[in-house]
Number of protein chains: 2
Amino acid sequence: MRREILDAAWEVARRDGLGGLTLRAVAERVGMRPPSLYTHFAAKHAIYDAMFFQAWQEFDDRSAALELPADPRAALHGIARFYVDFALADLPRHQLMDQRVIPDFTPSPESYAPSVRAMERTVGRFRSLEGVALTEADVDLFVAGVGGVVAAQWSNDPGGDRYTRLLDRLVDLLADDLGLPASPPTPGESP
Amino acid sequence: MRREILDAAWEVARRDGLGGLTLRAVAERVGMRPPSLYTHFAAKHAIYDAMFFQAWQEFDDRSAALELPADPRAALHGIARFYVDFALADLPRHQLMDQRVIPDFTPSPESYAPSVRAMERTVGRFRSLEGVALTEADVDLFVAGVGGVVAAQWSNDPGGDRYTRLLDRLVDLLADDLGLPASPPTPGESP
DNA sequence: GTCTATAAGTCGATAGAC
DNA sequence: GTCTATCGACTTATAGAC
């Protein structure tokens, strides 16, 4: 039932904006009266909180399931592409996860946990790349660059590919800077 | 008077969040009753619209006044630093200019104009850099990279410098990619 | 668990006196 | 131009019947 309510909340957020979410609209979508929602969530912020948890949990789950190539440069491309695809698939989700759009909302420690896990997992993957020793600054620069593609895409060309098509070039730039060797050619790609 | 109301609106937005702006709070700050605001603005969205205009106008004005070094690489650093400083100085202003935080708000054509001018000015400056021919993709990549530093800074370390301190490195990376020569040493900087 | 009823408050916006 | 008065809609949230 909580799951059903959350599904409805995501749909409303996609339709009316994350800040435009109302209990009325959520209740209507699940065929309830607004007060009935309080049986399942203590307050409206608890719904935001559960959404925040759900979003990062899903990101972390999918991140854990992501199989990366052994080649370090190709792995970097994989990480970047995965993040960009996830962040561009759903605007309110992206806003909830990565921006401060809801004035008073701060995620609870329990809901914050999956985001920490996801970040640690990503850093761990960076660190385990063959043949390079990454500093914290290296990871930060990568995060900023890839996040910039997402921000520019949402802001200046939502639904398009004006910035995402530059992602490979950006990642190669960063990889060059880290001294990663060029990826070996994939067998069977050239004629 | 419009100016006074807008000043109050910015203050309220900084205090309560951009989406938390209310006519009541604005009116109280200027010593008016809420309905009196309708003498100066047709609706709440007209205030957002004027704020949007004001923000981009100021950006464009300051951009026009910005003196850049003749050296192309140093000029790139100047452009990047200017944008980052402006975007990090004021969160609601940044959200209004560069994100889609207010569900129903779309800037009017007149208010949109300064942002177009600012973008054209910036592109023009890129194009007039000595010794390189920049493509549209080059500019886009620069915009994404620099915007990423801003986004990461606001999102992960507001008020700090975890990402802004990587800006010079990022710009040099992009400049290298464009084949810009290293900046000549500034006279009198070394002992 | 869901409902009705309702509280208690907010919001943007309008009408009309002064 | 600013005010009072007020509208109508909407908000989150609670109390208590079923």
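Convention: sequence-line order gives letters A, B, ...; per-chain numbering from 1. Note that these values count all heavy atoms, side chains included, but never hydrogens, waters or copies made by symmetry.
Using modelled atom types, no side-chain atom of B:D172 and backbone atom of B:R169 make a donor-acceptor pair closer than 3.5 Å. Remark: side-chain polar atoms of B:S155 are paired, donor with acceptor, to backbone N or O of A:D98 under 3.5 angstrom.
From the 5' end on, the contacts that DNA chain D makes with chain A at under 4.0 Å to a non-hydrogen atom open and close at D:dT11 to D:dT14.
With sequence neighbours left out, the side chain to side chain contact (heavy atoms under 4.5 Å, CB included) criterion links B:L23 to B:L37, B:Y38, B:K44, B:I47. The side chain to side chain contact (heavy atoms under 4.5 Å, CB included) test applied to A:R117 returns A:Q57, A:D60, A:A113, A:P114, not counting sequence neighbours. The ring pair (Phe, Tyr, Trp, His ring centres under 6.0 Å) search around B:F53 returns none, not counting sequence neighbours.
Taking each heavy atom of B:R162 and B:D157 in turn, the nearest pair found is N-OD2, 3.0 Å. Taking every heavy atom of both residues into account, B:R73 and B:P181 meet most closely at NE-O, 3.1 Å.
Residue contacts shown for A:G20 are absent, as no nucleic acid heavy atom lies under 4.0 Å away. Among the protein residues, B:T22 comes within range of the sugar-phosphate backbone only, with heavy atoms under 4.0 Å from sugar or phosphate atoms but none that close to a base. Within 4.0 Å of B:L37, counting heavy atoms only, lies no atom of the nucleic acid at all.
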Every protein N/O within reach of nucleotides 13-15 of chain C N/O, cut-off under 3.5 Å:
| from | atom 1 | to | atom 2 | distance (Å) |
| --- | --- | --- | --- | --- |
| C:dA13 | OP2 | B:Y38 | OH | 2.9 |
| C:dA13 | OP2 | B:K44 | N | 2.9 |
| C:dA13 | O5' | B:Y38 | OH | 3.1 |

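By the 6.0 Å contact criterion, CZ on A:R33 is open, its count of non-hydrogen atoms from other residues, nucleotides or ligands being 12 or less. By the neighbour-count criterion of 12 heavy atoms within 6.0 Å, atom CZ of A:R15 is densely surrounded, having more than that number from other residues, nucleotides or ligands.
Ring planes of A:W56 and A:F52: tilted class, angle from 30 to 60°.
In this structure, B:E28 atom CD and C:dT10 atom P are separated by 12 Å, rounded to whole Å.
Of the residues in residues 4-19 of chain B, not one comes within less than 4.0 Å of DNA chain D through any heavy atom.
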